[in-house]
Amino acid sequence: MLVSQYLHQLKLCARRQTSFSTIKKLHARLIKTGIAQCEPFPNTLIDLYGKCGHVDHARQLFDEMPHRDHVSWASILTAHNHANLPRRTLSMFLAMLDIDGLHPDHFVFASLVKACACLCDVRLGKQVHARFALSQFRDDDVVKSSLVDMYAKCGLPDDAYAVFHSICSKNSASWTAMISGYARSGRKLDAIGLFKRTPFRNLFSWTALISGLVQSGNGVDAFYLFIEMRREEIDIVDPLVLSSIVGACANLAVLELGKQVHGLVIALGYESCLYISNSLVDMYAKCSDIVSANEIFGRIQQRDVVSWTSIIVGAAQHGRVKEALALYDQMVADGIKPNEVTFVGLLYACSHVGLVDKGRTLFNSMVEKYGIRPSLQHYTCFVDLLSRSGHLDEAENVTNSIPFELDEAIWAALLTACKDRGNTLMGIRIADRLLSSKIEDPSTYILLSNVYAGACMWENVSKVRKLMGAMEFKKIPGYSSIEFGKETQVFYAGETSHPMKDEIFNLLKELDADMRRRGYVPDTSSVLHDMEHQEKERQLFWHSERLAVAYGLLKAIPGTVLRIVKNLRVCGDCHTVLKLISSIVKREIVVRDANRYHHFKEGKCSCNDFW
DNA sequence: TTAGGGTTAG
């Protein structure tokens with residue numbers, strides 16, 4: 001075989017991500033023929049191993065090279081980026097300067113910028129940008145495209161646009177990076193505006209726009225754009241946009257639409273793609289159809305950490321804690337290494353049922369066995385578990401040892417537990433701490449006020465009230481939606497204009513009377529405003545989830561599960577009411593609120609009154 | 001040899 005033929009074959013392997021054994025065979029033939037050490041084979045081999053995901057082999061070849069040039073360095077840096085090891089990319093770059101005394105070229109700059117983007121390290125990214133701007137490669141458009149992506153990923157879309165604007169000859173990659181940057185940053189109109197102007201209206205730019213909007217929580221807009229993309233008959237030659245649109249169904253908790261998208265996925269032949277299967281597992285779990293989620297999960301041939309984590313988190317969110325923990329054991333037995341998301345799900349599951357020892361073991365194993373540094377979310381879950389289970393001193397010690405700036409949520413969790421457990425001293429200590437910091441959540445003020453009132457500290461109660469009065473709370477209107485068949489009805493709190501309002505009111509009144517006979521007393525402690533007790537009760541009576549449940553009871557096929565999605569968290573009183581209603585009418589009611597899932601059945605809730 | 005679009009938590 002000729003040298004050029006070997007080179008051609010190596011490049012083909014890199015593009016096709018050929019199997020490790022094939023690459024090794026080809027490499028062996030190159031060694032046998034004696035050309036493995038001849039230019040440009042050493043660099044081409046590093047590139048090949050790197051692109052096919054064998055960074056260690058690439059590194060071995062690199063270390064054994066007697067002479068390394070710019071291409072060798074660019075190839076090994078790219079290989080580390082490819083293996084998602086951006087810190088190594090940056091540390092190796094320092095070695096490039098120190099050991100080989102080489103200055104970065106445009107290929108190296110592109111790798112460095114990509115590593116900074118991966119780490120969301122804008123400080124370092126700006127240093128690289130400055131060095132690039134002073135170099136002879138400052139007009140390179142490829143590096144500029146990677147800078148656009150870096151600034152956008154670091155949450156600086158305006159800086160991204162400044163670089164984008166300076167690109168002389170913008171190609172599909174530069175446009176896609178900028179559209180994606182705007183969309184991910186939540187700059188919906190800018191993203192759509194730019195998309196309308198791009199001369200590259202292809203699957204890449206459509207995917208960038210739609211996925212970015214899904215990621216920034218604009219699922220509805222993403223869906224309409226997806227429909228427009230289908231109308232334009234864009235050939236969906238890869239499944240990337242589909243995994244995002246499945247994700248949009250998950251975020252919006254729209255089961256019927258999710259099923260239709262699943263149908264499309266099957267029709268286009270992508271059901272067995274791992275990204276797609278994983279997003280389907282998550283979608284069905286989030287749409288409260290945990291049975292279908294399990295079915296999809298069961299059919300995945302090669303499950304990765306995301307597949308396992310999705311089903312573990314799904315089980316945990318639906319209150320199936322034993323199942324979540326058993327799945328974790330199975331995952332570890334299958335040789336899959338858990339990641340930081342897996343542990344958020346597991347700690348959350350333990351909190352649900354007060355499994356303190358298990359939670360402690362998992363938290364420690366995350367650090368000691370898997371080398372994962374706990375994030376604020378992990379600490380919040382762990383402190384929540386400890387404090388809810390009455391281990392208040394330990395919870396406070398852990399909180400004080402957290403190496404981050406603490407947020408309101410973690411203190412509020414601890415304070416709630418102090419109040420519930422009657423630990424007044426610690427409660428006051430934490431309340432004082434909270435009072436001296438910035439509070440944004442109105443419910444934290446209510447909590448503080450209740451704690452001080454419980455300790456008869458009236459001066460502080462009035463201080464909290466004054467602070468509350470001075471704050472302008474953004475009042476988000478509460479609404480609940482209920483779906484059956486192809487119909488979706490949305491109810492807003494206090495809505496009195498619905499065509500069936502009289503029937504809904506009468507049914508709620510009947511149910512209220514029945515509940516009161518069973519000992520129900522409305523709990524108005526979560527109502528924020530100063531008003532008469534009766535008025536507070538009236539407000540609770542018109543909470544949107546109750547309207548949706550009543551409508552569902554009147555309209556849905558008898559015996560079917562009522563599935564409701566609420567934009568805010570279910571209040572304590574509605575939670576009690578929904579438990580009672582499930583028992584009175586003997587129906588299962590599933591509510592997905594802003595935080596979690598509640599399966600109300602026979603007077604109980606799957607969340608174990610944990611929310 | 002370098003750049004752009006996808007899944008899990010919060």
Side-chain angles (χ1 to χ4, degrees), chain A residues 11 14 40 43-44 46-48 50-51 69-79 81 104-114 117 137 140-150 152-153 163-164 167 170-181 183-184 198 200 202-212 214-215 238-247 250 270 273-283 285-286 300 304-314 316-317 338-348 375-378 380-381 407 409 594-595:
Chain A
K11 282 176 188 167
N43 286 339
T44 314
I46 291 174
D47 183 57
L48 172 61
K51 283 202 176 121
D69 59 12
H70 275 99
V71 180
S72 335
W73 278 103
S75 303
I76 197 66
L77 294 179
T78 307
N81 274 343
D105 66 0
H106 44 316
F107 291 93
V108 171
F109 273 123
S111 284
L112 294 177
V113 175
K114 192 169 181 168
F137 306 101
D140 187 86
D141 286 345
V142 172
V143 178
K144 285 186 184 176
S145 287
S146 60
L147 282 166
V148 169
D149 183 54
M150 186 275 291
K153 284 208 171 100
V163 181
F164 174 74
I167 297 175
K170 299 177 182 71
N171 62 10
S172 174
S174 25
W175 280 94
T176 307
M178 195 59 235
I179 292 167
S180 163
R184 267 183 284 136
T198 182
F200 302 96
N202 53 27
L203 184 62
F204 266 70
S205 50
W206 273 109
T207 307
L209 179 65
I210 291 170
S211 304
V214 173
Q215 284 168 38
D238 64 45
L240 276 72
V241 72
L242 294 174
S243 49
S244 283
I245 218 70
V246 173
Y270 292 122
C273 160
L274 189 57
Y275 268 93
I276 292 285
S277 311
N278 290 347
S279 57
L280 284 169
V281 169
D282 178 59
M283 184 273 287
K286 287 217 169 83
I300 302 177
D304 69 356
V305 63
V306 178
S307 334
W308 284 100
T309 303
S310 302
I311 197 72
I312 288 170
V313 169
Q317 284 181 330
N339 67 14
E340 65 282 6
V341 185
T342 322
F343 282 105
V344 172
L346 290 168
L347 290 169
Y348 170 87
S375 68
L376 190 57
Q377 278 83 42
H378 295 113
T380 307
C381 286
D407 64 359
N595 283 359

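Letters A, B, ... mirror the listed sequences (proteins, then strands); counts begin at 1.
- Spacing between atom CG of A/L274 and atom C1' of B/dT8 amounts to 11 Å, rounded to whole angstrom units.
- Within 4.0 Å (heavy atoms only), A/K51 reaches sugar-phosphate atoms of the nucleic acid but no base atom.
- Across the protein-nucleic acid pair, A/L242 atom CG and B/dG5 atom C1' stand 12 Å apart, rounded to whole Å.
- Here A/N43 lies out of heavy-atom contact (under 4.0 Å) with every strand.
- Between A/L240 and A/S211, the closest side-chain pair of non-hydrogen atoms is not below 4.5 Å.
- Here A/S111 lies out of heavy-atom contact (under 4.0 Å) with every strand.
- Of the listed nucleotides (B/dT2, B/dT7, B/dT8), B/dT2 has the atom at the smallest distance from the side chain of A/F107.
- Looking at heavy atoms from C-beta onward, A/F343 lies in side-chain contact with A/H378 at the 4.5 angstrom threshold.
- Checking B/dG6, B/dT1, B/dA9 against the side-chain heavy atoms of A/A74 singles out B/dT1 as nearest.
- Nucleic acid contact for A/S145: base, since at least one base atom lies under 4.0 Å from a heavy atom of the residue.
- Of the candidate nucleotides B/dT7, B/dG5, B/dA9, B/dA9 has the atom lying nearest to any side-chain atom of A/V313.
- Of the candidate nucleotides B/dG5, B/dT8, B/dG10, B/dT8 has the atom nearest to the side chain of A/V306.
- An OP1 or OP2 oxygen of B/dT8 is reached within less than 4.0 angstrom by no side-chain nitrogen or oxygen of A/Q317.
- Base engagement by A/C273 is indicated by at least one non-hydrogen atom pair under 4.0 Å involving a base atom.
- Comparing atom distances between the A/Y348 side chain and each of B/dG10, B/dA3, B/dT7 picks out B/dG10 as nearest.
- At a cut-off of 3.5 angstrom, the base of B/dA3 holds no donor-acceptor pair with the side chain of A/D140.
- Considering only residues two or more places apart in sequence or on other chains, A/K170 meets the salt bridge (charged side-chain N to carboxylate O under 4.0 Å, His left out) condition with none of them.
- Rounded to whole Å, atom P of B/dG6 lies 16 Å from atom CH2 of A/W206.
- Side-chain contact annotation: A/N339 with A/T342, donor-acceptor N/O pair under 3.5 Å present.
- Between A/K114 and the phosphate of B/dT1, there is no side-chain N or O to OP1/OP2 separation shorter than 4.0 Å.
- For A/D47 and A/T44, the side-chain atoms include no donor-acceptor pair closer than 3.5 Å.
- Under the side chain to side chain contact (heavy atoms under 4.5 Å, CB included) criterion, A/V163 pairs with A/H129, A/K144, A/L147, A/V148, A/Y151, A/S166, not counting sequence neighbours.
- Taking atom CG on A/L346 and atom C1' on B/dA9, their separation rounds to 11 Å, with Å as the unit.
- Here B/dT1 presents its C1' atom at 9 Å from NE2 of A/H106, a figure rounded to the nearest Å.
- Taking atom CE on A/M150 and atom P on B/dA3, their separation rounds to 15 Å, with Å as the unit.
- Residue contacts shown for A/L203 include a base, since a base heavy atom lies under 4.0 Å away.
- In this structure, the CD1 atom of A/I46 is 13 Å from the P atom of B/dT2, given to the nearest Å.
- Which of B/dG10, B/dG6, B/dT8 sits closest to the side chain of A/N339 comes down to B/dT8.
- For A/K153, no side-chain nitrogen or oxygen approaches OP1 or OP2 of B/dA3 to under 4.0 Å.
- Residue A/P40 is out of contact with every strand shown, counting any heavy-atom pair closer than 4.0 Å.
- Counting distance only, with no hydrogens placed and no angle test, the side-chain atoms of A/D238 and the base atoms of B/dG5 include a donor-acceptor pair under 3.5 Å.
- At whole-Å resolution of the value, CD1 in A/I311 and P in B/dA9 are 12 Å apart.
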